[in-house]
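We use all heavy atoms of the structure for the numbers below, so side chains are in, but hydrogens, waters and symmetry mates are not. Predicted model, so just to flag it, every value in this text is computed and none were measured. Labels below follow one simple rule: chain letters A, B, ... track the order of the sequence lines, proteins then strands, and each chain is numbered from 1.
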There are 2 protein chains.
Amino acid sequence: MVLRLRGEGHGWKGRFRGCGYRWTLSRKAIIDVLSSTKDHMSAEEIYNSVQKNYPSIGLATVYRTLELLVEMRVVMRLDFGDKRARYELAETFSSKDHHHHLVCNRCGKIIEYTEFIEDEVELLEKTEKGLSMKYHFKIDNHMIQFYGLCKACQ
Amino acid sequence: MVLRLRGEGHGWKGRFRGCGYRWTLSRKAIIDVLSSTKDHMSAEEIYNSVQKNYPSIGLATVYRTLELLVEMRVVMRLDFGDKRARYELAETFSSKDHHHHLVCNRCGKIIEYTEFIEDEVELLEKTEKGLSMKYHFKIDNHMIQFYGLCKACQ
DNA sequence: ATTATTGCAAATCGTTTGCAACTAC
DNA sequence: GTAGTTGCAAACGATTTGCAATAAT
């Protein structure tokens, strides 16, 4: 019987090493922050949160790490029309809690919805397959956003 | 028999006046550029294009106009993960030529697809209705993007 | 020991803004 | 004439980068 090694809870270390990267405190701290919330955090928010436990980690490192994580497909970079980029663990984004977004064009309010998703997902999978074949794209995520006016802004 | 006034080809003037804005040369020039292409142009690209015919129009005006047009729902602001915002006439975006996007995570290549759309649209309309009711959102557009690796980048 | 990673401060770059001149109405 | 609009240059803010110090392997 062989033990399944899980490393830092998700095999993070192995995943980094496998890509030729090192497993560092900064990276762990940032992934921890992202793991601890479902919010769409900006780089600066992540930085502030990381600072509470590791005051020595700099903002540049947060940016560099996020870039790396996006490249590794560990996090998803989102855009809601406010200027800053927002980040969310891909795992959170794509799991059974998969959700899409409703964005208010005036105040920027964002509503995450998970209802009506099953049908969407089913259809999207079909579409995904069709697109993959036709365009030879290897698709690994998708995003749906509805734009309009929220109750308050109408 | 009453004539239908069309103004500048789309009743632009009336549309602006109706919102309390003025119909100016800059605005016409920018809308003309957007009307002449299906591309997703950045503010600077629009500026460069406008410059060819109207060298006196400044970049700041382009930004201010685009902001106004987004607010008026005349244009749709898009984001493909390269830093700059990109713009497309809402009309182009939402008409029968309605399309969605495939975005390559590595090289940023964008493929517009129009196939597989009918089913999507049908479903989205249903979803839209459901979301509107539940969240009291007035939805007037949507966006679907698939992310992955294009043929060349795999 | 070797090489990736980091913090810091400076630089970059898309976008916004203050203001006086200008233009649509 | 009265606002809304514009060009210009300066300001802004998010993100990136050079570099010497530091940490992971």
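Rounded to an integer number of Å, the gap from A:Asp82 CG to C:dT15 C1' is 14 Å. Regarding B:Met41, its CE atom lies at a distance of 15 Å from the P atom of C:dG14, rounded to whole Å. Between B:Met72 atom CE and D:dT5 atom P there is a gap of 10 Å when expressed in whole angstrom units. For the pair A:Leu68 CG and C:dT6 C1', the computed distance is 13 Å after rounding to whole Å. Distance, A:Asp79 CG to D:dA14 C1': 13 Å, rounded to whole Å. The CZ atom of A:Arg84 sits 17 Å away from the C1' atom of D:dT16 (whole-angstrom rounding). As a whole-Å value, the separation of A:Leu59 CG from C:dA11 P is 18 Å.
Comparing the local axis fitted to the first five base pairs of the helix from C:dA1-D:dT25 to C:dC25-D:dG1 with the one fitted to its last five gives a bend of 40°, rounded to 10°.
For the side-chain hydrogen bond (donor to acceptor under 3.5 Å, both in side chains) test, residues two or more places apart in sequence or in another chain that qualify with A:Tyr147 are A:Gln145. For the ring pair (Phe, Tyr, Trp, His ring centres under 6.0 Å) test, residues two or more places apart in sequence or in another chain that qualify with A:Phe16 are A:Trp23. Among residues two or more places apart in sequence or in another chain, the side-chain hydrogen bond (donor to acceptor under 3.5 Å, both in side chains) test is passed with A:His101 by A:His40. Applying the side-chain hydrogen bond (donor to acceptor under 3.5 Å, both in side chains) rule to A:Arg84 yields no partners; only residues at least two apart in sequence or on another chain are considered. Not counting sequence neighbours, the partners of B:Glu115 by the salt bridge (charged side-chain N to carboxylate O under 4.0 Å, His left out) test are A:Lys134. Residues satisfying the side-chain contact (heavy atoms from CB on, under 4.5 Å) test with B:Asp79, not counting sequence neighbours, are A:Asp79.
Phosphate contact (OP1/OP2 of C:dT12, side-chain N/O of B:Lys83, threshold under 4.0 Å): absent.
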Would you give me the side-chain donor-acceptor pairs under 3.5 Å for residues 118-131 of chain B, sequence neighbours excluded?
unit_1, atom_1, unit_2, atom_2, d
B:Glu120, OE1, B:His100, ND1, 2.4
B:Glu120, OE2, B:Tyr113, OH, 3.2
B:Thr127, OG1, B:Leu123, O, 3.0

Side-chain donor/acceptor pairs under 3.5 Å, residues 45-62 of chain A, sequence neighbours excluded:
unit_1, atom_1, unit_2, atom_2, d
A:Glu45, OE1, A:Ser42, N, 3.0
A:Glu45, OE1, A:Arg86, NH1, 3.3
A:Asn48, ND2, A:Glu44, O, 3.3
A:Gln51, NE2, A:Pro55, O, 3.1
A:Gln51, NE2, A:Ile57, O, 2.7

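Remark: side-chain polar atoms of B:Arg27 are paired, donor with acceptor, to backbone N or O of B:Arg22 under 3.5 angstrom.
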Original post:
When every nucleotide of nucleotides 17-25 of chain D is labelled 5' to 3' by its protein contacts under 4.0 Å (heavy atoms), B for base, S for sugar-phosphate only, - for none, what sequence of letters results?
Top reply: BB----BBS
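Contact detail for B:Leu34 and B:Leu69: the closest heavy-atom pair is CD1-CD1, 4.5 Å.
Here A:Ser26 lies in heavy-atom contact (under 4.0 Å) with sugar-phosphate atoms only.
The list of salt bridge (charged side-chain N to carboxylate O under 4.0 Å, His left out) pairs with a residue in residues 61-76 of chain A, not counting sequence neighbours, reads A:Arg73-A:Asp140.
Listed by residue number, A:Ser56, A:Ile57 are the residues of residues 44-57 of chain A with a heavy-atom contact under 4.0 Å to DNA chain C.
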